[in-house]
> 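Let me begin by handing over the structure; questions about it come next.
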Amino acid sequence: TDMLDQAKEEQVQWWKDIKESQLKSIYASVCRDGRNSHLPKMEEMMATTKSRPIDYDPVESFHQFPNQNDASYAEQKLAVQTNITSIDKYCGRHGRNGALTCTRNSIIHGSPGSGKSYVVQTSVFYSISQGLNTLSSCIQGARANAIGGIHLHKWILLHDQKHTRFSYRAAQQAVEKILRKPINLHAVLTLDVLFLDECGQISAEQVATLDIIFRKVRRSNLPFGGVL
């Protein structure tokens, strides 16, 4: 993805805007009332690249909230650690051939108010701190805006699949549109980490369609074309 990131200025600017939007959302959410003042500054985060990551350990600085029981805190911390391990493996830090292996995706689920959003934002923040092209997305437009991301259908160019039973046909139509849109094509080709919020709202057919799109556009047989 590094070579592809040397593309036209507007394509590179697209990633900068997405990065800034996600960071603003995270800072506004997790730094309220003076909390998490230890986080790296916005300027430092915006300057990160794969060759210039920030030395930041979210697990070490993960704090227990007032009135949060020990079991909930331990579960949240484990979820963050699992995501961090996956991101580090993607970066090739675990084993000599780490970057050449397929890193399994993870799903964070729990009841309302259990801290899923906090865990996800911590993981997104870490991913950005490592210089990875990270995109938060959701099938619900309002929620996508709230997390500083972009609506799933807007950047992957999926049409409404409500009446579509065949994922392959929907994927083929999306691929044809993406290949005609330089910015969307650049986004799919250079994406490292995708965080899908409210993924329970996405149907199995839509997940299969995403998988096909990434494999075809990125020309990879890895799940989701190698996207974490």
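All residue numbers refer to positions in the sequence shown, counting from 1.
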> Could you tell me whether the side chain of Ser136 reaches within less than 4.5 Å of the side chain of Asp197, counting heavy atoms only?
no

> So Gln76 and Thr122, side-chain contact (heavy atoms from CB on, under 4.5 Å) or not? Walk me through it.
CA-CA 10 Å; Gln76 279 190 342; Thr122 301; over 6 Å; no

> Are the side chains of Ile156 and Thr209 in touch, meaning some heavy atoms are under 4.5 Å apart?
no

> Measure the shortest side-chain to side-chain distance between Arg143 and Ile147 over non-hydrogen atoms and say whether it is less than 4.5 angstrom.
yes

> Considering non-hydrogen atoms only, spot the tightest contact between Leu189 and Val217 and give its length.
CD2-O, 3.4 Å

> Quick check: closest heavy atoms across Leu191 and Leu194, and the distance to 0.1 Å?
CD2-CB, 4.0 Å

> Would you say the side-chain atoms of Thr48 pair up with the backbone N or O of Gln130, donor to acceptor, closer than 3.5 Å?
no

> Would you say the side chains of Gln121 and Ser117 form a donor-acceptor pair under 3.5 Å?
no

> Of the non-hydrogen atoms in Leu222 and Asp211, which two are nearest, and what is the gap between them?
O-OD1, 4.5 Å

> Which heavy atom in Arg52 sits nearest to a heavy atom in Ala47, and how many Å separate them?
NH2-O, 3.6 Å

> Answer yes or no: is there a donor N or O on one side and an acceptor on the other, between the side chain of Lys19 and the main chain of Met45, under 3.5 Å?
yes

> Short question: side chain of Ser127, backbone of Ser123 - any donor-acceptor pair under 3.5 Å?
no

> Nearest heavy-atom pair of Tyr90 and Gly226: which atoms, and what distance?
CE1-O, 3.5 Å

> Side chains of His153 and Ile139, heavy atoms from C-beta outward: is any pair under 4.5 Å?
yes

> Indicate yes or no: at least one non-hydrogen side-chain atom of Pro58 is less than 4.5 angstrom from one of Gln81.
no

> So Thr134 and Tyr126, do their side chains get closer than 4.5 Å, heavy atoms only?
no

> Could you walk me through whether Ile202 and Leu152 pass the side-chain contact (heavy atoms from CB on, under 4.5 Å) test, one step at a time?
CA-CA 10 Å; Ile202 303 175; Leu152 183 63; 4.3 Å; yes

> Could you check whether any side-chain N or O of Gln22 sits under 3.5 Å from a backbone N or O of Ile18, counting only pairs where one atom can act as donor and the other as acceptor?
yes

> Measuring only between side-chain heavy atoms, which start at C-beta, is His186 closer than 4.5 Å to Trp14?
no

> Given side chains that start at C-beta, do those of Val227 and Arg218 come closer than 4.5 Å, heavy atoms only?
yes

> Determine, step by step, whether Leu179 and Leu185 satisfy the side-chain contact (heavy atoms from CB on, under 4.5 Å) criterion, reporting the C-alpha distance in whole Å, the side-chain angles of both residues, the deciding distance to 0.1 Å, and the verdict.
CA-CA 6 Å; Leu179 293 178; Leu185 177 60; 3.9 Å; yes

> Please identify each residue that fulfils side chain to side chain contact (heavy atoms under 4.5 Å, CB included) with Lys77, with sequence neighbours left out.
Val59, Phe62, Tyr73

> Does the pair Lys24/Glu20 count as a salt bridge with the N-to-O cut at 4.0 Å?
yes

> For Trp155 and Phe214, take the angle between the two ring planes, folded into 0 to 90°, and tell me which bin it lands in: parallel under 30, tilted 30 to 60, perpendicular over 60.
tilted

